[in-house]
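What follows is a set of notes on a single structure, which appears directly below.
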Amino acid sequence: MKRLLLFILYILCSFNLLGAQPSPINIVWIVIEDASPHLGCYGESLIKTPNIDQMSREGIRFKNAFVTAPVCSPSRSAMISGMYQTTLGAHNHRSQNSSKKGGGNKSYYQSYRIPKSLKLIPELFRDAGYYVTNKTKTDYNFIPNGELYEGTEWKKAPNKQPIFAQFQLRGGKNRSAQSQVDPRKVILPPYYPDHPELKKDWAKYLDSWVETDKEVGKILNDLKIAGRLDSTAVFLWTDHGVSHLRGKQFLYEEGIRIPLIIKLPKSERAGTVRDDLIEHIDIAASSLKIAGIKIPKNVQGQDFLAADYKPRDFIFSGRDRCDETVDIQRCVRDSRFKYIRNFMSHMPHMQPNKYKDGKKIIQVIRGMHKEGKLNGIQARPFAVRRPPEELYDLKNDPFELVNLAENPINQNRLLLLRNALIKKMIETRDVGLIPEPILEDIGLDSGNKYKAFLDKDRSKQTRRLSDLIAAGEANNSSKILDYAKSSDPSTRYWAAVWLGVNNTTEGKSVLVEMVSDQVPAIRVAAAQALYRLGETSRLKLLVEHINDPNLIVGMFALRAIEELGDAGKVYMDTIAKAQKSNYEFSRRIAQRLIAKWQ
């Protein structure tokens, strides 16, 4: 009842004194990069963040807000569409660019364009008469239909025109911020070693929050000076968690839990603290509703400020390919437990990745691992294989150290969350289990990855691929061989992968047929599998696929070669040419191989 009364009061306050016309409400998004909730208002004691803390006191602070992807471009694609990145087909980091990182697959560019039937959030605001700006990062994992913004400066808007203004702040990327924190006072999470280099980096990360706080203060003050602050709803959050080994790119709390603070017009609902579960795509729906704009049916976020809002039972998040590192993870979390599904459990968490491996902190941790100086928990990301499922009791284990998935006591909880995840993947048409090279061609044939599955029931395929991967993990060779006969290319691909991972000798004849499959990605998977089964001549087929017209196939071929150790050295001259590939992420793998072999 109290929430309903507050909402009615808020609506009344948005009308002028005559009650004839609603006053225009400005919407401001402050999106901060690479940072977790290490703020004064969230309990951080080593730094002071007075501006954000004041914003929290004058607004609503959310204790349990999460991103649907723990890396920039999928997270920002979800943010700006109000949709899951896995529904859009924008889940593989920087996979749908026409320039810079991820660009190069030119014949596929048109399929990277967002369907015209989907209006992005800036377009909806512009159509409603808002002056729409962004300062300045986009990093969307698709190509928009035309210019989304009227520039970077909201101050150029006419005085009576409402604004929808975004501010993109460097946040945790700004490790050069003025020093504030003594590294000796830093207490690292227990899953990191207590090393001076890591403590120094964490101190610099906290310093970046101090600098960010000043930037937020200036934004709010500029709105106040312009006379807009009292008629503005300001949303502040981060695009994902801190950039660290278990943070950015991964589904642990450090990667997906974010700060979220909202300051409503005239500080409505000041001092409210909410502990319900929020996904960052909900911000889009809530912003539209505040502005009086109808929420389109394709928007999957919920208006969490509505009087009839029903809190979520779960939040969902996913991690897919990050740059040249292929991975598929999904998680579901309720108010206490988190379930993580590692669909590529045959690979370690810490696969090679130029971005992460270029960081001093990762180099230190890798070095300590090689020297045997990490304890069991700290060394876990370097294990050759991962558990297929992870289950954590966040109330008793906030650092996610004890995996309860194999504990018989927790099987009912495990089953509940496992089923909730698969149900959500089906409901949202999650395309993540479709191997990327195959999905790339599906998108090209259909005009767009989203459109390809818009009117198709994918429930059988999703369940089949999930069941196949589980059969692979259980080394159920008979089931895998049955799936290898499927007419579905994605099913044949995963069958080939697991026949190789499990060294299934009875699968050789099937794999020999697969190396002639009409689908290039299946030929790559089968060739790698046969090499593992002793047919070393199949390495040549992997090398031949490096220059496939679908550049994602070439990247997969190079990664398959890298996974085979030094086997590819005999083709070093050919692989060296891939250092000049049109595809950034193929170049990275080739450069890593050549650097190792020279």
Checklist outcome for this item: Those residues at least two apart in sequence (or on a different chain) that pass side chain to side chain donor-acceptor pair (under 3.5 Å) with Ser208 are none

Item to check | Pairing residues for Glu400 by the salt bridge (Lys or Arg N to Asp or Glu O under 4.0 Å) criterion, not counting sequence neighbours | outcome: Lys338

Checklist outcome for this item: Sorted by chain and residue number, the salt bridge (Lys or Arg N to Asp or Glu O under 4.0 Å) partners of Arg170 (sequence neighbours excluded) come out as none

Checklist entry - Which residue pairs satisfy the salt bridge (Lys or Arg N to Asp or Glu O under 4.0 Å) criterion with at least one member in residues 486-499, sequence neighbours excluded? => result Arg464-Asp488, Arg492-Asp517

Checklist entry - Got a sec, which residues hit salt bridge (Lys or Arg N to Asp or Glu O under 4.0 Å) with Arg413, two or more places apart in sequence or on another chain? => result Asp334

Checklist outcome for this item: salt bridge (Lys or Arg N to Asp or Glu O under 4.0 Å) pairs touching residues 545-559, sequence neighbours excluded, are Arg559-Glu562, Arg559-Glu563

Item to check | Residues that Ser95 engages under side-chain contact (heavy atoms from CB on, under 4.5 Å), provided they are two or more places apart | outcome: Asn92, Asn141, Arg321, Glu436

Item to check | Partner residues of Lys356 under the side chain to side chain donor-acceptor pair (under 3.5 Å) criterion, sequence neighbours left out | outcome: none

Item to check | Worked verdict on Gln166 versus Thr133 for side chain to side chain donor-acceptor pair (under 3.5 Å) | outcome: CA-CA 6 Å; Gln166 294 181 54; Thr133 63; over 6 Å; no

Item to check | Results of side chain to side chain donor-acceptor pair (under 3.5 Å) for Glu123 - residues two or more places apart only | outcome: none

Next on the checklist: Can you list everything that forms a side-chain contact (heavy atoms from CB on, under 4.5 Å) with Ala405? Sequence neighbours excluded, please.
Outcome noted: Glu389, Leu391, Asn403, Leu414

Checklist outcome for this item: For residues 340-359, the ring pair (Phe, Tyr, Trp, His ring centres under 6.0 Å) pairs (sequence neighbours left out) are Phe250-His349, Tyr252-His349, His346-Trp498

Checklist outcome for this item: Arg385 meets the salt bridge (Lys or Arg N to Asp or Glu O under 4.0 Å) criterion, sequence neighbours left out, with none

